[in-house]
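One structure is given below, encoded as C-alpha cells.
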Amino acid sequence: MQRDKTSNSPKIQEDPHQAESAPPRQLFWADQKADEIIKRKRFRYLKKDIKKFDRYTIKTSASISGVLHIGRLSDTIRSESVVKALKDRGYDSDLIWVAEDMDPLRKIPEGVPQEYKKYLGTPVTDVPDPWGCHTSYAEHHVSKYLEVLNEFVSTDLTLFSMKEEYKKGNFKPYIKKILENLEDIKEIINKHRQNPLGRGWSPWTPICKGCGKIITPKVEGFENGKITYRCEDYKFEHQTAKGCGYEGENNPLKDYGKMMWKSEWAAQWARWEIVSEGAGKEYIVPSSAWWVNAEIAEKVLKFPMPVPIFYEHLMINGEKMSASVGNVVYPHQWLEIAPPVLLRFFYNKKLMKTRSFSFKDLPNLYDEYDRHARVYFGKEKIPNPKEENHMKRLYEISQSNTTEKPLKVSFSHAAMVSQIFTDENAKIQSLKRSGHYDRMLHNETLKRLEYAKRWAARYAPEESRISLDIDIKKIKQNLSKEQKAFLTRFSRWLEKPRTPEEIHNQIYSISKELGIPFKEAFKAIYLAVLGTKKGPKAATLIASLKQSWVIRRFNEVC
RNA sequence: GGGUCCGUAGCUCAGUCUGGCUAGAGCACCGGCCUUUUAAGCCGGGUGUCGCGGGUUCAAAUCCCGUCGGACCCGCCA
C-alpha cells in the first residue's frame, strides 16, 4: 500500500549570511553523507562501478509492534536531514517510510485485552484492531505513527507497507534471485556464525496455513523450491506463542510468508534503490545484519550497499529508555513542552555522541538552540569560522518550512515569568519592560511562555520553581525588624484599591519615612511574596496579585 | 574472543574528520553597580593536567600507538 501524501514540500530558506562565505567543504554530518552518496563510485564488495541514480532515495522504517517514543523518531529525523542536504545540492531526493507490518506481535501492550495472547507470533498486519477503528492492529498503529511523524518531520514521506509489497509481488524478483543463490547467501551468513546453517535452512519464513502465525512454523526442510514446516510452540523472552501443530508446505514464490531479516533488508534496498539508510550504532560491528545484507545486496542482487547513517541511541537521564525503568518519553509529552524543531535540532547534533535527554536540562537545550539562531541571523559572532558555519548549518537544516528568528526571551526567563503571572497580558507587559519582547515574534513568544509554563509545572527542579507557596516560618526569620515594619505599613495602605504607579511611589515614600534603604524594602517584598531576594518589578508584581491576598501574606510573615 | 563510540570548566556542550593566534559558549559561581523604570538588568572575573602515557611535527584537544574509565554491540532472532 502506497499512501502518497500531497502537501507543500519544504523549502530550505535562503540565508544571506550563507551566501557570502560558502565554505569549500561542509563540516555538517548530513552534508558529508550527501557528498559521500553523490561521489561514491564503486561497490564495496565487488569490483564494479555504481550506475548513476536518477534520484536519491533514503529509507526509514519502523517496526509496528513496539511503543512509539521520541527515540524512535531519530531514524526518520536524521534520514530527513540527509534528504535535505541532497536537495540543497540540487539533486532529486526522497524519503520513504516503510511499515514493517509483517513483524510478529511480540507482547501484549498496555490497553490491549489479555485475550490477544492468542495472536502472539502473528504478523501485526493480521491481528485485528483492538480498538475497532482500523482494519488491523498494524493499520491502527501506522496511523498513530504517521500522525506523530508528520508533526516532527517536514519532508513528505512516501509510504510503503511490507504486507502490501509482498501481496503485490513487488519482492518476487528478489526472492527468486535469493533462492537461486541460496548457497552464496548461506556462505555470507555463515561467515559470521559459529554454527553453520543447516541443510534445510531457508531465507524464507512461511506463515502457517493453519493458524496464520509467522513465528511458530518450524522449517523442517527446503527442497525443490518448497519448504516443509510444522507449527510448534515458540518461546521468546517471557512469552510463548502457541503453535497449532499444522504440518504443511510453503512455496516462497506463491505462498504467504516473508523473507528473513538477513536477506529482506538487502531486497528492500534493491527494490527501492536505496542510497542511504539510518541504523543504530549496534550495526557498526562487522558481523551485524547491516554488513551481511550489504554483501547479499551486492553479490547476489548486484545492488550497491547504501551509505549507512549510523547513530547513537538517545538516553534519558543517562539511562536507556525503557518501559520497565519507567523513563519513556512520548512524542505528545515532548510537544507539551517544546516544539518539534527542538527535537530535530537535538538529533541533528553530532551523531556518534551519546545524547542524554532530561526534562530538568531542557532550558539548556533551548539556550543552545537560541544561540544557534542568533549565530544564523548574524546577531552573534563566533571567532572560529568553521564552527560558525557548522552552527548555521545545524540550525538551518533543523528548520521546517520557515526559518525561525531568534526569540528575545530565554526559556528559563519564560518559565519564571509564566509562573509569576497568570494573565497573558501581564506576562507580555513584564517581558516588554525587561526588553525580552519582540513584537514581530508575538505568537512565538506566547508559545514559548506556554511551553515554559507546562515545563515549570511538571518538570522544573526545585530551584527553578517560583511559587507563591513559600515557607512562611523561614521567611519570618529572615526578615529584619525594619523590613517587617515596612511590610506592616505597606499592607495597611493596600487596604484601598491602588494602581501600579501608586504602589510604586508608595514603596519609596514608606521607605523614606521609616528611614530604611529602598533596597531592603524591595527585598522584603520579594521575600514575602516569592521567597526570593529578587524578582520582577515589585509594583507590577503586587498589582498582578489580589490585594487582599498580599495583605494577608504580609501579615503572616511579620 | 572480537568490534564501535564517548571522555574538553561545577553542569550542558562546541571545537577533533581538514593540526596553526592566549582552548571557547551558555548556565552555575564569585566580586562590583542601581535613591523614583528592582531589570532575575548591567559591568568585571575562566574557575581547565582537553582522561592518562608515549610518538610524529616548527606546532597536537585535533594525527599515530598504547593505556584507563564509561556506554554499547556481535558471536540467538528480527
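Letters A, B, ... mirror the listed sequences (proteins, then strands); counts begin at 1.
A straight line from CE of A/M321 to P of B/A71 spans 18 Å, rounded to a whole angstrom. Following rounding to the nearest Å, A/E520 (CD) and B/U38 (P) show an atom-to-atom distance of 16 Å. A/E282 has its CD atom 11 Å from the P atom of B/G75, to the nearest Å. If you measure from atom CE of A/M315 to atom P of B/A71, you get 8 Å, rounded to the nearest angstrom. The interatomic distance linking A/K523 (NZ) with B/C34 (P) rounds to 14 Å, in whole Å. Between the NE2 atom of A/H192 and the P atom of B/G75 there is a distance of 11 Å, rounded to whole Å. Across the protein-nucleic acid pair, A/L394 atom CG and B/A14 atom P stand 10 Å apart, rounded to whole Å. The CD-C1' distance, from A/E368 to B/U12, rounds to 6 Å in whole Å.
Separating the P atom of B/A61 from that of B/U8 is a span of 15 Å, rounded to the nearest Å. Taking atom P in both B/A9 and B/G48, the straight-line distance is 10 Å, to the nearest Å. Look at the C1' atom in both B/C6 and B/G15: the space between them is 16 Å, to the nearest Å. Atom C1' of B/U56 sits at a distance of 7 Å from the matching atom of B/C64, rounded to the whole Å. Across B/G44 and B/U4, the matching P atoms stand 48 Å from one another, rounded to whole Å. Comparing B/C27 with B/G19, their P atoms are spaced 33 Å from each other, to the whole Å. Taking atom C1' in both B/C33 and B/G69, the straight-line distance is 46 Å, to the nearest Å. Comparing B/C68 with B/U22, their C1' atoms sit 31 Å apart, to the nearest whole Å.
Between B/U38, B/C17, B/G2, one nucleotide has an atom nearer to the side chain of A/Q32 than all others, and that is B/C17. Of the listed nucleotides (B/C76, B/U38, B/A40), B/A40 has the atom at the smallest distance from the side chain of A/M416. Considering only the side chain of A/W261, B/A78 comes nearest among B/U36, B/A78, B/C6. Comparing B/A40, B/A78, B/U16 by their nearest atom to the side chain of A/K386 picks out B/U16. In this structure, of B/C72, B/U12, B/C74, it is B/U12 that holds the atom nearest to the side chain of A/N364. The side chain of A/R355 lies closest to B/C13, out of B/U36, B/C76, B/C13. For A/S430, counting side-chain heavy atoms from C-beta on, the closest listed nucleotide (B/G26, B/A78, B/A40) is B/A40. Each of B/C77, B/U4, B/U36 was ranked by its minimum atom distance to the side chain of A/M352; first place goes to B/U4. Listed candidates were B/C77, B/A14, B/C73. Nearest to the side chain of A/K350 is B/A14. Comparing B/C13, B/U36, B/G15 against the side chain of A/K349 picks out B/C13 as the nearest.
Position along RNA chain B of the nearest nucleotide to A/E264 versus A/S509 favours A/S509 as the more 5'-ward residue. Summary of the strand contacts: A/D367 and A/V417 both lie near RNA chain B, and taking for each the nucleotide with the nearest heavy atom, the more 5' one is attributed to A/D367.
The CZ atom of A/F28 sits 12.5 Å away from the CG atom of A/D35 when rounded to the nearest 0.5 Å. To the nearest 0.5 Å, atom OH of residue A/Y376 and atom CZ of residue A/R393 are 9.0 Å apart.
Of the side-chain N and O atoms in A/K320, one or more sit less than 4.0 angstrom from OP1 or OP2 of B/C73. Between A/H390 and B/G15 there is a side-chain N or O to OP1 or OP2 distance below 4.0 Å. The phosphate of B/G24 has neither OP1 nor OP2 within less than 4.0 Å of any side-chain N or O from A/R371.
Taking the ring centroids of A/W265 and A/Y283, they lie under the 6.0 Å cut-off. A centroid separation of less than 6.0 Å is found between the aromatic rings of A/Y508 and A/H504. Within the 6.0 Å centre-distance limit, the rings of A/F357 and A/W334 are counted as a close aromatic pair. Taking the centre of each ring, A/W272 and A/W97 stay at or above the 6.0 Å mark.
Among the atoms of the strands shown, none is found under 4.0 Å from any heavy atom of A/F310. Across all strands, A/K191 comes closer than 4.0 Å to no nucleic acid atom at all (heavy-atom distances). At a threshold of 4.0 angstrom between heavy atoms, the contacts of A/H413 are confined to the sugar-phosphate backbone, with no base atom among them.
The backbone N or O of A/Q483 sits nowhere less than 3.5 Å from a side-chain atom of A/E520 that would complete a donor-acceptor pair.
Stacking between A/Y508 and B/U36 is shown: the ring centroid lies under 5.5 Å from the centre of the six-membered base ring, and the planes differ by under 30°.
Note on ring orientation: taking the six-membered ring where Trp is involved, the planes of A/Y166 and A/W204 are perpendicular (angle over 60°, cut-offs 30° and 60°).
For B/U37, its base never sits under 3.5 Å from the side chain of A/K432 at any donor and acceptor pair.
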What pattern of brackets, bars and dots sums up RNA chain B from 5' to 3', given Watson-Crick or G-U wobble pairs under 3.5 Å, [ ] for crossing pairs and | for another strand?
((((((((.[[[[.)....(...]]]]((((((.......))))).)...[[[[[..)....]]]]])))))))....
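With A/D370 as the partner, the salt bridge (Lys or Arg N to Asp or Glu O under 4.0 Å) test is satisfied by one option alone out of A/K408, A/R448, A/K405: A/R448.
For A/T240 and A/D233, the side-chain atoms include no donor-acceptor pair closer than 3.5 Å.
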